[in-house]
Structures are given as structure tokens and as C-alpha cells.
Amino acid sequence: MKNAILAGLLCSLAISPLMVSAETATSAEKKIVPMETMTITYRSPLDYALYQYTIELLTQFRMEINSSIHTQAQISTQEMYEDFTASLDMNLPEVAAVIDANNSAPK
């Protein structure tokens, strides 16, 4: 029994250098990419509070800008609609006359 264990151990040790050399050959073929690094900046509580306030203020400002753009677009669309309907009401008799003329023309 001890001889079988010893023989298995020797066989595995004999094969392991071949496995290591195969792994290093495939990794040598791969392009080496530098490891990603992360920079951590420690801030004092006052600096962090000021940073957080600035971020919140800028976020609020962006939201107000988006809301303002949306409101202005609604107002300008309503004004264009009112101008268009007003001009349509004034030109309606002329449009009706053109349609009547086209319908009454001989075919």
C-alpha cells in the first residue's frame, strides 16, 4: 500500500513540471496587461461635506435646467399652436374658396 502511494506521488511530481511549463508557455503568448490601480483620496470631514454639498447643488441645478427647458418647450409649442390656429381662421374663407373652385372646375 505504501509503495502504491509512493509511486502515485512520484508520478504526480514527475508530471507537475510539465504542467507548469505548459501554463507558462500559454501565459507568455498572451499580451501582458498592467494591473488596474485605484487611487483613494482621504478627505477631512469638512472637505467631504463641502464636496457633497457641491455635488448636490450641481445636481439640483441640472434638474432645474431640464425642467426649465421642458417648460419653455411647452410654452413655445402652445404659442405656435395659437399662432397657427389664428392664421388658419383668417385664411379659412380663402381656403374654402380654393376648394370650391377646384371642385367646380370642369373635368
* In Å, rounded to the nearest 0.5 Å, how long is the span from CZ of Arg62 to CG of Leu57? ->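 Here the rounded value is 10.0 Å.
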* Rounded to the nearest 0.5 Å, what separation is found between the NE2 atom of His70 and the CD1 atom of Ile75? -> 10.5 Å
* Show which residues join Ile65 in its hydrophobic cluster (side-chain heavy-atom contacts under 4.5 Å, direct or indirect), or state none. =>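 So far as hydrophobic clustering goes, Ile65 is joined with Phe61, Ile69.
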* **Residues in side chain to side chain donor-acceptor pair (under 3.5 Å) contact with Glu79, at least two apart in sequence or another chain** => none
* Asked: Which pairs, with at least one residue in residues 39-48 and sequence neighbours excluded, count as a side-chain hydrogen bond (donor to acceptor under 3.5 Å, both in side chains)?
  -> Ser44-Asp47
* Determine whether Gln78 and Gln74 make a side-chain contact, defined as any pair of heavy atoms from C-beta on separated by less than 4.5 Å. =>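 They are not in side-chain contact.
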* Indicate whether any N or O donor in one side chain lies under 3.5 Å from an N or O acceptor in the other, for Gln60 and Glu56. => no
* Do side-chain atoms of Ser67 reach the backbone of Met63 as a donor and acceptor pair under 3.5 angstrom? ->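 Flag not set: sc Ser67 to bb Met63 has no pair under 3.5 Å.
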